[in-house]
Amino acid sequence: MMTDAPIASRQDGTYPRPQLMRGRWADLSGTWQFLLDDEDAGERQRWQSLWPEHSDQIVVPFPPESPASGIGETGYHRVVWYRRLVTTGERRQGGCTSDGRTLLHFGAVDYRATVWIDGQPAGHHEGGHTPLHRRHHRPGGRQERGVGRRAGRG
């Protein structure tokens, strides 16, 4: 590794590869809960608030089609759901401000996505494989909070 490289270029090769370095950030890659929703019933059944008892696990940032995701499902699934609990420690590590402001960044979202935080809508995105950024404000609160993401395809 070159020692005279710009600081943003000095990283260990893990995902993501930031173009610029933030002083504080938390990588939410890893194991998330995951559901296929071929009937598109999740929103009607309020999965954003009442996550079903049984779900699969997926390794993010890999897509469900990839064997590296732990799913390896190559069939067509128009709607899928992801869920992960974000701890207070992760929020602090990621630079959550003292008044509870957090920036969520999903690097590449497949076509259409809605994000819920603690069952409340936090944003919607449409566009092929492009980033989704959402600022969220949540003063104080519990030790953990849920982040749900629904990606509809085509």
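One-based numbering along the sequence shown.
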Problem set entry | L35 CG to I58 CD1 distance, which is reported to the nearest 0.5 Å | 10.5 Å
Exercise. Who passes side-chain hydrogen bond (donor to acceptor under 3.5 Å, both in side chains) against S49, sequence neighbours left out?
Worked result: R46
Exercise. What heavy-atom pair brings D40 and R44 nearest, and what distance separates the two atoms?
Worked result: O-NH1, 2.8 Å
Seminar exercise, completed: From the list F34, W116, W32, ring-ring contact (aromatic ring centres under 6.0 Å, His included) partner of W81 resolves to W116
Exercise. Tell me, which pairs form a salt bridge (Lys or Arg N to Asp or Glu O under 4.0 Å) where one or both residues lie in residues 48-59, sequence neighbours left out?
Worked result: none
Exercise. Can you check whether H124's main-chain N or O pairs, donor with acceptor, with T114's side chain at less than 3.5 Å?
Worked result: no
Problem set entry | Apart from V59 itself, residues in the same hydrophobic cluster as defined by side-chain heavy atoms under 4.5 Å | F62
Problem set entry | Closest heavy-atom pair and its distance - E126, R112 | OE1-NE, 3.5 Å
Exercise. Which heavy-atom pair separates E65 from T74 by the least distance, and what is that distance?
Worked result: O-CG2, 3.8 Å
Problem set entry | For Q45, all residues meeting side-chain contact (heavy atoms from CB on, under 4.5 Å), sequence neighbours excluded | A41, W47
Exercise. Taking only residues two or more places apart in sequence or in another chain, which ones pass side-chain contact (heavy atoms from CB on, under 4.5 Å) with Q57?
Worked result: T31
Exercise. How far apart are the C-alpha atoms of L28 and V86, what are their side-chain angles, what is the distance that settles it, and do they pass the side chain to side chain contact (heavy atoms under 4.5 Å, CB included) test?
Worked result: CA-CA 8 Å; L28 299 181; V86 180; 4.1 Å; yes
